[in-house]
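By convention in this document, chain letters (A, B, ...) are assigned in the order of the sequence lines, proteins followed by strands, and residues within each chain are numbered from 1. Because the structure is a prediction, the values reported are computed rather than measured.
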Amino acid sequence: MSDTQTLERDDAPAAGVPEPDDAPKRVRRSPGEVINSLSLVIAPVLIAGLGVLVFVYYRSLDLENAPTQQRSALDWSDRLQPQITQHLTIAFWSSLLTIVIAIPIGVMLTRPGLRKIAPGVLAVANSGQALPAYGLLVIGITVGGQGQRTAIVALAIYALLPVLRNTMVGLEGVDRNLLEAGKGMGMTRLQVLGRIELPLAVPVIIAGVRTAVVLTIGMAALAALIGGGGLGITIFSGIKLNQTPVLLIGAAIVILIALVFDYAGALAERFLKPRGL
Amino acid sequence: MTSKAKIHLDRVAKTYPGSKVPAVDELTLDILEGEILVLVGPSGCGKSTTLRLINRMIEPSGGRIMLDGEDVTKANPDKLRRRIGYVIQQIGLFPHQTIAQNIGTVPKMLGWDKKKIAARADELLATVGLDPEQYRDRFPKELSGGQAQRVGVARALGADPDIMLMDEPFGAIDPITRDRLQNEFLRLQEELHKTIVFVTHDIDEAIKMGDRIAILGERSTIRQYDTPERILAYPVDDFVNDFIGTGSTIKGLNFQQVSSLTLPDYPAIRPEDSADVARGKLDAAGEEWLVLLDDAGHPQRWLSTDDVAAGPSTYGEKGEEVGDTLNQDDTLFTALEHMVQSAAGKSCVVDESGRFAGVVEMAHLNKAIRRAQYEAQRHYEEMERA
Ligand SMILES: Nc1ncnc2c1ncn2[C@@H]1O[C@H](COP(=O)(O)OP(=O)(O)OP(=O)(O)O)[C@@H](O)[C@H]1O
Ligand SMILES: [Mg+2]
């Protein structure tokens, strides 16, 4: 989704005709908004098209007469379907873990007392993401052993950064004057946070969550390497056995899932945005 | 206006962390119940800081703040702020809340029930001149600057606080809308009798809005603290004098009314009076111009000695129209405006039924100004002695 912010500046008054300050303002939809809502319609069509393409390819493989390795690897009810479920399970728990860790930390790091250490924490989170994901999984194994749970935790840590950063950016981006106004009317700090800061930061935070979810879905393919299951099994066996169709199908399903969730994220960004913004 | 101190600042001081000089240096100030006190001074002198100390948006580094005789320096600041309306210059309406929700902010925190909050929001919208039907469900981005200012004021009035703090509330709007909002606000205040501390850097706004004005210098030190009349009549030092700028004496005329003048008899004639009668009156009064009245006694024209020469038949064409007339409750500033436009350099005063009641001339204004200056000076001399 391209950044259309720069297009949204068309509400300047028409040249020459100054509007009195007391006249009601007209509310128009900016070109940016129009493009955004257009993409909300076009994206699912493209995703569905890709889905159909993958399905047709899968059907055309003629698995009956394919090598056994390929046949068994691409078996729908024995392999693919359970792997998809595993994959989604890993991505779900891992994303949830990311959210429940990153958002509160993001909130805390923007409070007056802790603001000073925020750059430090961000630097650490940054370097966490700079680490190869595989490395993180290996470290995970040494700490938590093989298995799904380790994969979930490792992936959650890997995806912390976008949510953490966006939470902080979103909260810091709230107009100081609004906080001043809220405080001035007698809101407690918690009320200022809950009634003003968080609602106004929601769009940015959701954007971060969306990034994290898509990232997690992609990275969950690595879970297979440490015995966590998921579509990574199909992908890696495709590589190992030099069976391109197996590799392709596994990767295509991961991509499809990621696209679907990315689209869901776009919808959430659009519809969870507080009215009035 | 009762003369009870609603807010009392007792040697309140604030030094921002990391700063060597205090932003507010031991300020002692009484704000009376029901008055508008204006804090005015050059940029950076500490007006906003002073205002924000009152509702403890910033904690004082010294001194005490008393509300209604109660020391609130250590009170719970959140609860304190719910008792005090606060309007910031940037308005700060919450963009994700409707106008009604914005106005209901404090009532909601105070636990009012929904119906009462909604009714209050409608009431306040009407109070600030916005149609509730049309505006209650709008979002702030759907308002113009002037409307947003009004909503800002309405929101500060939310739970009917008896104290309002306003930091340049009409700062960021065009002069015409600003003037309108000022007038509306003054009218509102006549009904509401809030105790208001009003910050501005504009001396004209201060003069217009203030029952009293505190002119602040660096570190929020009070340079002069008095009614606008007295400040204009008697600026205590060069700082104040420079700050109120040129024309302050003339601005002072805004605070005196025509009714305060004792107007001597002034020569006037009826349409039927002969040239001799007219000349006789002019000579007797030692004036150059007389006023031609109509049969009902309403002033019509200024006529000079030459104008009356040809007698009653030509009165209607000679001289100049009297133009706008003054009432007893017009200010001397208005009188001056009329005067400088009139042929005679004087301005006619009429009674309630529009009949000629006398003439205001420069000498009157001169005397009025000098009297005000004298009284203000005496006031200060007495204070010094006391
Ligand atoms: N949060 C702050 N931290 C440090 N110094 C501050 C802070 N706020 C204000 N100051 C300083 O305190 C002094 C008074 O500032 P204040 O905002 O009260 O001035 P003001 O009279 O309201 O000015 P203006 O008319 O420009 O609004 C200034 O020198 C300013 O730099
Ligand atoms: Mg200020």
**Message:** Quick one about B/Thr73 and B/Asp71 (side-chain donor to acceptor, distance below 3.5 Å, no hydrogens or angles considered), yes or no?
**Reply:**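 There is such a pair between these side chains.
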**Prompt:** Do you see a donor-acceptor pair shorter than 3.5 Å between the side chains of B/Asp167 and B/Ser48?
**Reply:**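 Indeed, the side chains of B/Asp167 and B/Ser48 share at least one donor-acceptor pair under 3.5 Å.
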**Prompt:** What do the steps show when you test B/Glu123 against B/Arg120 for salt bridge (charged side-chain N to carboxylate O under 4.0 Å, His left out), and what is the final call?
**Reply:** CA-CA 5 Å; B/Glu123 182 191 342; B/Arg120 179 68 178 156; 3.3 Å; yes
**Message:** I need the single residue from B/Glu168, B/Glu205, B/Lys47 that forms a side chain to side chain donor-acceptor pair (under 3.5 Å) with B/Thr200. Which is it?
**Reply:** B/Glu205
Quick check on [X] against chain A: is it the side chain, the backbone, both or neither that has a heavy atom closer than 4.5 Å?
X	answer
B/Leu110	neither
B/Leu80	neither
B/Arg52	side chain

**Message:** Is the ring pair B/Phe185/B/Phe170 parallel, tilted or perpendicular, if the boundaries are 30 and 60 degrees?
**Reply:** perpendicular
**Fill in**
Residue from A/Arg189, A/Arg195, A/Lys273, A/Arg275 scoring the most non-hydrogen pairs under 4.5 Å with chain B is A/Arg275
**Pick from A/Leu277, A/Leu179, A/Leu178 with the largest number of heavy-atom pairs that fall under 4.5 Å of chain B** = A/Leu178
Under a 4.5 Å heavy-atom cutoff, which of [options] has the most pairs with chain A?
options	result
B/Gln97, B/Lys79, B/Arg155, B/Gln89	B/Arg155
B/Ile84, B/Asn55, B/Thr105	B/Thr105
B/Pro161, B/Gly152, B/Gly92, B/Ala159	B/Gly92

**Asked** Is any side-chain N of the basic residue among B/Arg56 and B/Asp78 closer than 4.0 Å to the acidic one's carboxylate O?
**Response**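 Salt bridge absent between B/Arg56 and B/Asp78.
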